[in-house]
Amino acid sequence: MSKKKLVFSGVQPTGNLHLGNYLGALRNFVKLQKEMNCIYCVVDLHAITTFQNPDNLRKNVLETVAGFIATGLNPNKSILFNQSSVSGHAELAWILNCVSRIGWLNRMTQFKDKAGSDKEKASVGLYIYPNLMAADILLYKATHVPVGADQKQHLELSRDIAQKFNNDFKCKDFFPIPEPLISKKVSRVMSLRDGTKKMSKSEESDYSRINLKDSSDDIIKKVKKAKSDSEQIPDNLKSLEQKPEAMNLINIYSEISKNSLDEVLKEMSGKEYSYLKKKLAEVLISEITPVGKEIKKLLGDRSHLEQILKKGNEKANIIAEENLKNVREKVGLI
Ligand code: TYM
């Protein structure tokens, strides 16, 4: 197997990037950029598995690249591009649709959540979405994939598909089996309104999430309104087990302030949650608002962002075409 490490990950351009994307993914993207070659993709083909207004989609693709750069990704170091500009994603996805099994897809919990009660009405694209995700990763023969915990099952499927392709076409080690890189501490940032649901772009209430473009006032208001607990902050994690909203706030504070959970509990125990919220709003404002300001600034120069995508698209396409040529050969396509 090729020993060369290569990171690939993707983010959907479906609206505001939020704290979950930042802690679960973007911040790790930036760290990895220092250690390995990295390819980061705005996955517009994934976004259209649910209907997107075309003007919003165009705007959101640029906003997502702006988010990449504002959090610290360097387009001269990492490849930043959008998925639909490299047609190999769609081509490999088709080939992998023929390798992946219906039984495997039927187990995907995210499809069940997203399709809701009326699965007959969900797009076919939404159902086979995890195969496209496998294609994204395997098109570049990526070895490491940084994601939040919500993508773990999709990653496992990508591994199964890679393995089955290698077995079916008798080409052991052709596709590396991609390793998920999931942060141990904040792999799942939860909604500020309901600690049992993940923070997401699709939850109706904007009060459920901190967006990277939120102003200081927004952050203060949202943190103030966040669900917590009427009791005082305990001195141990065990007492927080049945209190997901309180646990979520403490986790976020620990992550942003870079203090361990034990240190946070030592600092906070016996205090009211209003104290934690005040401190949390402060650290969030100092970490998040500069990113939001930078996103807004970058969005002022659309052609600069388009130029970055164009360069990234060209670089990604070269790697994709080379790998696809070999895939076609293995499969017997001429
Ligand atoms: P997406 O666009 O939903 O989210 C982008 C990244 O943010 C992470 N994330 C979270 N992490 C922690 N807590 C949260 N509340 C939270 N919400 C989102 C996600 O785990 C993800 O890492 N299918 C993927 C995109 C994708 C992809 C890929 C990822 C397409 N192809 C190939 C990796 C490799 C998705 O919808 O992410």
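Just so you know, ligand 1 is whichever comes first in the structure, and atom 1 is the first atom listed for that ligand. Computed from heavy atoms alone, side chains included, the values below leave out hydrogens, waters and symmetry copies.
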Requested in this report: Please answer: with hydrophobic residues joined when any side-chain heavy atoms are less than 4.5 Å apart, are Y275 and Y253 in the same cluster?
Outcome: yes
Query raised in the report: Counting heavy atoms not belonging to K59, are there more than 12 under 6.0 Å from its NZ?
Result: yes
Query - NZ/K297: more than 12 non-hydrogen atoms of other groups inside 6.0 Å - result: no
Requested in this report: Answer yes or no: are there more than 12 heavy-atom neighbours, outside I102 itself, under 6.0 Å from its atom CD1?
Outcome: no
Requested in this report: Could you please provide the protein residues found below 4.0 Å of ligand 1 on a heavy-atom basis, arranged by chain and number?
Outcome: F8, S9, G10, V11, Q12, H18, G20, N21, G24, A25, V43, H46, Y129, M133, D136, I137, V145, V147, G148, D150, Q151, S187, R188, V189, K198, M199, K201
Query raised in the report: Taking atom types as modelled and ignoring hydrogens, do the side chains of T196 and D194 form a donor-acceptor contact shorter than 3.5 angstrom?
Result: yes
Report summary line: Residue pairs meeting salt bridge (Lys or Arg N to Asp or Glu O under 4.0 Å), one or both in residues 46-58, sequence neighbours left out, come to D55-R58
